[in-house]
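Let me begin by handing over the structure; questions about it come next.
For the numbers below, each heavy atom of this structure counts, side chains included, while hydrogens, waters and symmetry mates do not. Remember, it's 1-based here, ligands and their atoms both numbered in the order they're listed.
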Amino acid sequence: MKITDLLHLFRLSFQRAEGGEMVFFAPGRINLIGEHTDYNGGLVMPLAVHMGTYIVAAPNTESNFHLIASNFNETYKHPLGANTQLGNQGWQKYPMGLIDWFVRHFGWPGNGWDILVYGDLPLSAGLSSSASVEMATAVMLNEIYHTSLPMIELVKATKESENHFVGVSCGILDMFASGMGRESHCLVLDCNTLDFDPVPFNIQPYTLWVLNTNVKRGLAGSEYNERVAECNEALSQLSGVLPKPSLCSYSPDEFEQFGKAISRDVCYKRAKHAIYENQRVKDAAEALVAADLMELGRLMYQSHDSLRDDYEVSCDELDFLVDFCRQSSVVAGARMTGAGFGGCAIALVHREAEKEFIPSLAKAYFDKFGFEASFYTARAGNGASRLL
Ligand code: GLA
C-alpha cells in the first residue's frame, strides 16, 4: 500500500488530525529450501518478499498502546503499566509480545501511542505473516524507545517473544528473513552461528510462483511443537553414541552409521529429514550460484518428498500442487514452504509458459478439491525498515 493511503487510513481509523506519524514495514518470507532445520541448528535459505506488514504510529494523550488491526477491524487498548499478559491472545499477542520484551528491558514509554497494523500477506499461509507483524512492531518500538538496537538484536528479541510470549517453539528463520532480507538476494543462513551469505537470487528464465492451497492451519497447533520434541528426543539418543550439539551437525553418513541409536521410528524419520535437508541446502546454494536451476529444482522436489514422508507435515492439497508441477516440463522444481500443515507451495515456472501453466494448474486444483488455490509471483525484497 502507498504511504499516503496508509496515513489516510490511520487518520480515519483513529479520528485524528495529521501530524507526528511514523511508518514502518516488515516483509513476509519464502523459504526456498531448508525446512524444519532452523531449530535443529541447521541451514535455511529464505528470501524476504514484497508483501508484509505496515505499521503507522503516532503519540497519543491516552496513556495506552491503542492498537488497531485494520485487516480485521479490531481494536485493542493496553494501558501503560498494565500486566502485558492481558494482551496475550488473538492477533494482539504478536505486537504485545514485543511490547512485553521492550517493557521488561527498558520500562514503559513516557506516553501512549496510536498504532495501526495493516498487512497484505495471506494469513496462516506459511509466508510468516506473524513474524512480519512482530518485526514491524520491533522496528517501531526501537524508534519509540530511541534504543537504536541493531537489526539482529531485534530479530533475537522477536524470536524470544514468539517462543516465550506466543508459545511457539519456532527457530529463527522467519524473523531473520523478515529483518535481514536483501533486495534480489536470498540468504543462506546457519541457524547455529547466525552467519549468513546473501546469494543473488538469479533464476532466469524462471519465475518464483507462490501456490497457496488456501488451507489454513494454526502454527501454534500442537503439531509444530510435537515435531520439535521428537527431534530433541532423536538428538538425545544420537548424541549418546556420537556427541554433537544439534541434529543438523550430523552428516548424512554419520546418520546412516549411528541412526539406529534412535529407538522410536517416528523420531528416526524426523532426524533423517532434518539431516538430509541440511545437506540439500548446501547443495541448493551451490546450484543457485552455478545457475543450475534444474539441480535446484530436483533438490526442491526431494525436500518436498521428505517433508511429506518423513517429517509428515504436508497435506493432500500441497502434494497435488507439487505433483502437478512435477509432471510438467515447464517447471524446474516445486515444494511446500514454511511449517506445512496447509499453506503454500512454491514453484520455479518457466516465464514463457506461465500464462498457460498457472491457469491449467488452477483449474486442475479446483476440479479436484472444489475450492480455489491462489497464485502470486514473488521477488526478493529488503528486510524491515522505517519508511517515514
Ligand atoms: C515455521 C517456523 C520456522 C521454521 C519453519 C519450518 O515457519 O516459524 O522457525 O521452523 O516453520 O522450516
Side-chain angles (χ1 to χ4, degrees), residues 26-49 52-53 93-94 97 121-135 155-181 186-192 194 196 210 212 216-232 235 246-248 270-271 273-278 280-281 284 299-300 303-304 306-308 310-315 318 335-346:
R29 65 97 190 92
I30 285 171
N31 193 20
L32 266 188
I33 195 160
E35 221 63 83
H36 292 279
T37 45
D38 61 347
Y39 52 83
N40 287 310
L43 299 167
V44 291
M45 206 165 147
L47 48 93
V49 293
T53 301
K93 65 178 179 267
Y94 300 110
L121 272 172
L123 304 177
S124 307
L127 302 180
S128 294
S129 52
S130 43
S132 82
V133 173
E134 293 165 326
M135 277 311 301
V155 167
K156 289 181 192 164
T158 297
K159 176 173 183 291
E160 195 183 314
S161 164
E162 182 79 36
N163 291 161
H164 302 298
F165 194 86
V166 177
V168 180
S169 314
C170 68
I172 204 160
L173 162 65
D174 305 346
M175 39 291 279
F176 195 96
S178 178
M180 310 287 285
C186 63
L187 309 177
V188 180
L189 166 68
D190 180 333
C191 298
N192 210 13
L194 299 189
F196 71 102
V210 179
N212 185 350
K216 297 189 173 141
R217 300 260 184 99
L219 180 57
S222 56
E223 289 112 316
Y224 186 91
N225 288 350
E226 210 173 279
R227 295 296 182 286
V228 178
E230 287 159 353
C231 286
N232 289 340
L235 172 63
S246 64
L247 268 188
C248 290
R270 307 303 188 238
H273 165 76
I275 292 167
Y276 278 87
E277 180 78 353
N278 197 49
R280 278 189 286 272
V281 183
L299 293 161
M300 289 168 73
S303 166
H304 184 83
S306 175
L307 288 157
R308 182 193 59 212
D310 286 332
Y311 223 69
E312 297 176 284
V313 290
S314 188
C315 61
L318 283 167
R335 57 181 289 275
M336 53 153 278
T337 189
F341 318 112
C344 293
I346 50 171

So if I count the atoms of ligand 1 from 1 in the order they appear, which ones are less than 4.0 Å from some heavy atom of Asp38? 3 (C), 4 (C), 9 (O), 10 (O)
Can you find a side-chain donor-acceptor pair between Asn225 and Ser169 that sits under 3.5 Å? yes
Would you mind reporting whether Arg270 and Cys231 have side-chain heavy atoms less than 4.5 Å apart? yes
Under the side-chain hydrogen bond (donor to acceptor under 3.5 Å, both in side chains) rule, collect the residues that match up with Asn232, sequence neighbours excluded. none
State the atoms of ligand 1, each with its element, that fall below the 4.0 Å cut-off from a heavy-atom position in Tyr224. 1 (C), 2 (C), 3 (C), 4 (C), 9 (O), 10 (O), 11 (O)
Is there side-chain contact between Cys248 and Asn192, with heavy atoms separated by less than 4.5 Å? no
Within a distance under 4.0 Å of any heavy atom of Tyr39, pick out the atoms of ligand 1 and give their elements. 10 (O)
Side chains of Cys344 and Asn212, heavy atoms from C-beta outward: is any pair under 4.5 Å? yes
So, is Asp174 polar-close to ligand 1, with some N/O to N/O distance under 3.5 Å? yes
Between Ser128 and ligand 1, is there a nitrogen or oxygen pair with a distance under 3.5 Å? no
Sub-4.0 Å atoms of ligand 1 with respect to non-hydrogen atoms of Gly171: 9 (O)
Answer with side chain, backbone, both or neither: which part of Arg29 has a heavy atom less than 4.0 angstrom from an atom of ligand 1? side chain
Considering distance alone, does some N or O of His36 sit under 3.5 Å from an N or O of ligand 1? yes
What verdict does the side-chain hydrogen bond (donor to acceptor under 3.5 Å, both in side chains) test give for Ser303 and Arg335, after you've listed the backbone C-alpha separation in whole Å, the side-chain angles of each residue and the deciding distance to 0.1 Å? CA-CA 7 Å; Ser303 166; Arg335 57 181 289 275; 3.0 Å; yes
